[in-house]
Participant: 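What follows is a single structure, and I will ask about it in a moment.
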Number of protein chains: 2
Amino acid sequence: MKLAIDAMGGDNAPEAIVKGAMLAAKEIKGLELTLIGDEEQIKPHLNGQSNIEVLHTTEMITSEDEPVRAVRRKKNASMVLMAQEVKEGRADGCISAGNTGALMSAGLFIVGRMNGVDRPALSPTLPTQDGKGFLMLDVGANVDAKPEHLLQYAVIGSIYAEHVRQIDKPRVGLLNVGTEDGKGSDLTKKAFQLMQDAPIHFVGNVEARDLLDGVADVVVTDGFTGNIALKTLEGTALAMFSMMKKTFMSSFKTKIAAGLVKNDLRGLRDQLDYSEYGGAGLFGLAAPVIKAHGSSNDRAIYNAIKQACQIVEFNVTETIQGTLDEMQAEEEK
Amino acid sequence: MKLAIDAMGGDNAPEAIVKGAMLAAKEIKGLELTLIGDEEQIKPHLNGQSNIEVLHTTEMITSEDEPVRAVRRKKNASMVLMAQEVKEGRADGCISAGNTGALMSAGLFIVGRMNGVDRPALSPTLPTQDGKGFLMLDVGANVDAKPEHLLQYAVIGSIYAEHVRQIDKPRVGLLNVGTEDGKGSDLTKKAFQLMQDAPIHFVGNVEARDLLDGVADVVVTDGFTGNIALKTLEGTALAMFSMMKKTFMSSFKTKIAAGLVKNDLRGLRDQLDYSEYGGAGLFGLAAPVIKAHGSSNDRAIYNAIKQACQIVEFNVTETIQGTLDEMQAEEEK
């Protein structure tokens, strides 16, 4: 198995990317990696592992670049070359911690969509209180989704959860403003109908309040709503940690308490750190494309690489394609 | 000033409602209250204050009732009679902690809309880290909003923030998936254009991640997205408190720490308790209608009553109506 990695994307590139790649190349059997980026910056972090090669380029896409334009114009950017490796069959999948919008564009325009998928979905695995986590899609690839898109997300998410996250009969829920059938916007009402007839274990509408309690293994929503939910979750958690810190620093007594629980609270923080679950998959593309978090450290990069390996190893793309084809055939009957 | 209060709505009715009403009737000068509900259940909690009267009815709308049907059929329900008091001019505004959907229906069908407002918005004041709070609207009254609706929310929210929350030149933001101009869904792109030309201090797009940091005084969004954001915020905060509690109970050492910071952490919890800011206004109606949180205690009811008083006292409804009329006239030129 061979994966292409954008060595220049993310806040800690290239060091964290190269180190994560070395860890993966060492731990995962039969894995070959191509690191794409500035050789001069990459080489110092490499220790001569034979299953890592470097594809040199100095051009890169920054977080300030306008996504579509950057992918079209910066033809030698590390991210663009990474997607080319997949397109031309030299890699089975790819990983980048760079500009999310640009990665979506590179995925869409260079790697290409699966047959029958209208719009790919960005799909992170988010934390739950019990540590199992849930898959949410879409969190922003497609901000004006149609009911048919949500149906496709449901099927794609269910297959991913079953094969990669190894959840038997994953519970698929539709994010909505209430749990009762018939609730919601025009979009969710129509999607609900479609999801009821899909080859998934559909558990109906789920509420945002219950996400961290693990109300479903796969939560389906449009890219606009999913993005708002994800960022509200992140923002609330960060704000609470910051308020907690202030509380602990407020007096002598609380500082003593802080010393006593510091390690345990760090555990709480880690529990909410979703880079442990790997990156966000760009689902619906012809090959695995993984978006690692922009602030990824080497551990997060390692997890994202492992995730791409699992998608390849368990034939997830082929299984999704097969199911969508069957649904299409069923509909045409 | 006279307000009508649904004494039978909410988890702690009628006791918390009656006690909150008594507090308000004692503290707020010139206030008269009508408590609507079962006299037998209400009377034991009253202490004979002269500015509170009781309008007796035994019918009530429960949280399980289907909103529109309940308001149409239960003609003597405490919530319906409460709205009638306003409609028939015997009260200047009303407050209920009962079924949110039913209150929206009662507001819409009985109290009625302002001229020129297509759809009312449900609008709580949510907490920020600095304790100032922000107004978010809509959080669920209208799940299929159009750009014009968001424009109206922006104007209504701005006037409310200025007059009731006494914020000079309130910053109005549009909740979106990115801060750059031109970001977002069809809906937010069109709303952005309209809001740029509105008589408000528009600060552009704001991200969900920054809500608790107080990125705007008024955050405008459609009812579907707003509902998801609100419930994600609540759910994340609750989950974190629960995880924190588990952390503190996990060992002897952490239990000692818990004892040391218990009161301070309670302060953190209070800081996130948005019932301190009053209830959620149903804005765009011909008179103030306030939805108090279902789990309101007497203090929260008191705050909701105070909020309704301020809306009446500062002529907020009239000011909003005047501004909308001017905008309408401007457009017709």
Side-chain angles (χ1 to χ4, degrees), chain A residues 66 101 127-129 140 143-145 175-178 183-188 207-213 221-244 246-248 250-251 253-254 256-262 264-265 267-268 271-272, chain B residues 66 101 127-129 140 143-145 175-178 180 183-188 207-213 221-244 246-248 250-251 253-254 256-261 264-265 267-268 271-272:
Chain A
E66 198 285 311
T128 52
Q129 287 200 58
V143 292
D144 284 302
L175 188 61
N176 212 331
V177 295
K183 268 271 180 180
S185 60
D186 284 346
L187 174 67
T188 57
E207 282 205 80
R209 204 193 305 266
D210 304 321
L211 290 176
L212 295 188
D213 296 337
T221 186
D222 66 278
F224 190 88
T225 308
N227 191 276
I228 299 290
L230 174 65
K231 288 183 184 161
T232 305
L233 203 157
E234 286 182 348
T236 307
L238 284 175
M240 283 189 68
F241 277 120
S242 147
M243 290 163 85
M244 227 193 290
K246 253 182 244 161
T247 304
F248 276 119
S250 62
S251 73
K253 203 170 77 172
T254 56
I256 294 177
L260 290 169
V261 289
K262 207 160 68 176
D264 302 270
L265 287 179
L268 174 61
Q271 209 176 327
L272 286 169
Chain B
E66 198 283 312
T128 53
Q129 287 199 60
V143 294
D144 284 303
L175 188 61
N176 212 332
V177 296
E180 306 89 339
K183 268 271 179 179
S185 60
D186 284 345
L187 175 66
T188 56
E207 282 206 81
R209 206 193 303 265
D210 304 320
L211 290 177
L212 296 188
D213 296 336
T221 185
D222 67 279
F224 189 88
T225 308
N227 190 277
I228 299 292
L230 174 66
K231 287 182 184 162
T232 304
L233 203 158
E234 286 182 349
T236 307
L238 283 174
M240 283 189 69
F241 277 120
S242 146
M243 289 162 86
M244 228 193 290
K246 253 182 240 159
T247 304
F248 275 120
S250 62
S251 75
K253 202 170 76 172
T254 56
I256 294 176
L260 291 170
V261 289
D264 302 87
L265 287 178
L268 174 62
Q271 210 178 327
L272 286 169

Participant: I'd like to verify something: which residue of S242(B), G259(B), G267(B) has the highest number of heavy-atom pairs under 4.5 Å with chain A?
Facilitator: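 Ranked by contacts with chain A, first place is S242(B).
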Participant: Report the C-alpha separation of I228(A) and L175(B) in whole Å, then their side-chain angles, then the decisive distance to 0.1 Å, and conclude whether the side-chain contact (heavy atoms from CB on, under 4.5 Å) test is met.
Facilitator: CA-CA 8 Å; I228(A) 299 290; L175(B) 188 61; 3.7 Å; yes
Participant: Top residue by heavy-atom pair count (under 4.5 Å) with chain A, among T128(B), T247(B), D186(B)?
Facilitator: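 Top option by heavy-atom pairs under 4.5 Å: D186(B).
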Participant: Could you tell me the separation between the OG1 atom of T232(A) and the CG atom of L233(B), rounded to the nearest 0.5 Å?
Facilitator: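 Rounded to the nearest 0.5 Å, the OG1-CG separation comes out at 6.5 Å.
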Participant: Under 4.5 Å between any side-chain heavy atoms of T188(B) and F224(A), yes or no?
Facilitator: yes
Participant: Could I get the full list of salt bridge (charged side-chain N to carboxylate O under 4.0 Å, His left out) partners for K231(A), not counting sequence neighbours?
Facilitator: E207(B)
Participant: Could you check which of K253(A), M243(A), E234(A) has the highest count of heavy-atom pairs closer than 4.5 Å to chain B?
Facilitator: M243(A)
Participant: T254(A): what forms a side-chain contact (heavy atoms from CB on, under 4.5 Å) with it, not counting sequence neighbours?
Facilitator: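 side-chain contact (heavy atoms from CB on, under 4.5 Å) check on T254(A) returns S250(A), S251(A), V261(B), D264(B).
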Participant: With respect to chain B, which residue among N227(A), T225(A), V177(A), V143(A) yields the maximal number of heavy-atom pairs within a distance under 4.5 Å?
Facilitator: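 Of the options given, most contacts go to V177(A).
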Participant: Considering only heavy atoms, which portion of L230(A) lies under 4.5 Å from any heavy atom of chain B: side chain, backbone, both, or neither?
Facilitator: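 For L230(A), neither part sits under 4.5 Å from chain B.
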Participant: Minimum heavy-atom separation for A257(A) to L260(B), with atom names?
Facilitator: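 Distance-wise, the nearest heavy atoms are CB-CB, 3.8 Å.
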Participant: By a 4.5 Å heavy-atom criterion (distance strictly below it), what part of L212(A) contacts chain B: side chain, backbone, both, or neither?
Facilitator: side chain
Participant: Between D210(A) and chain B, which part of the residue has a heavy atom less than 4.5 Å away: side chain, backbone, both or neither?
Facilitator: neither
Participant: Under 4.5 Å heavy-atom distance to chain B, tell me which part of L238(A) shows up: side chain, backbone, both or neither.
Facilitator: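 For L238(A), there is no contact with chain B at all, as no heavy atom is under 4.5 Å.
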Participant: With a 4.5 Å cut-off on heavy-atom pairs, point out which of K246(A), M244(A), Q129(A) contacts chain B the most.
Facilitator: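 Looking at each option in turn, the highest pair count goes to Q129(A).
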Participant: By a 4.5 Å heavy-atom criterion (distance strictly below it), what part of D144(A) contacts chain B: side chain, backbone, both, or neither?
Facilitator: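 Side chain only.
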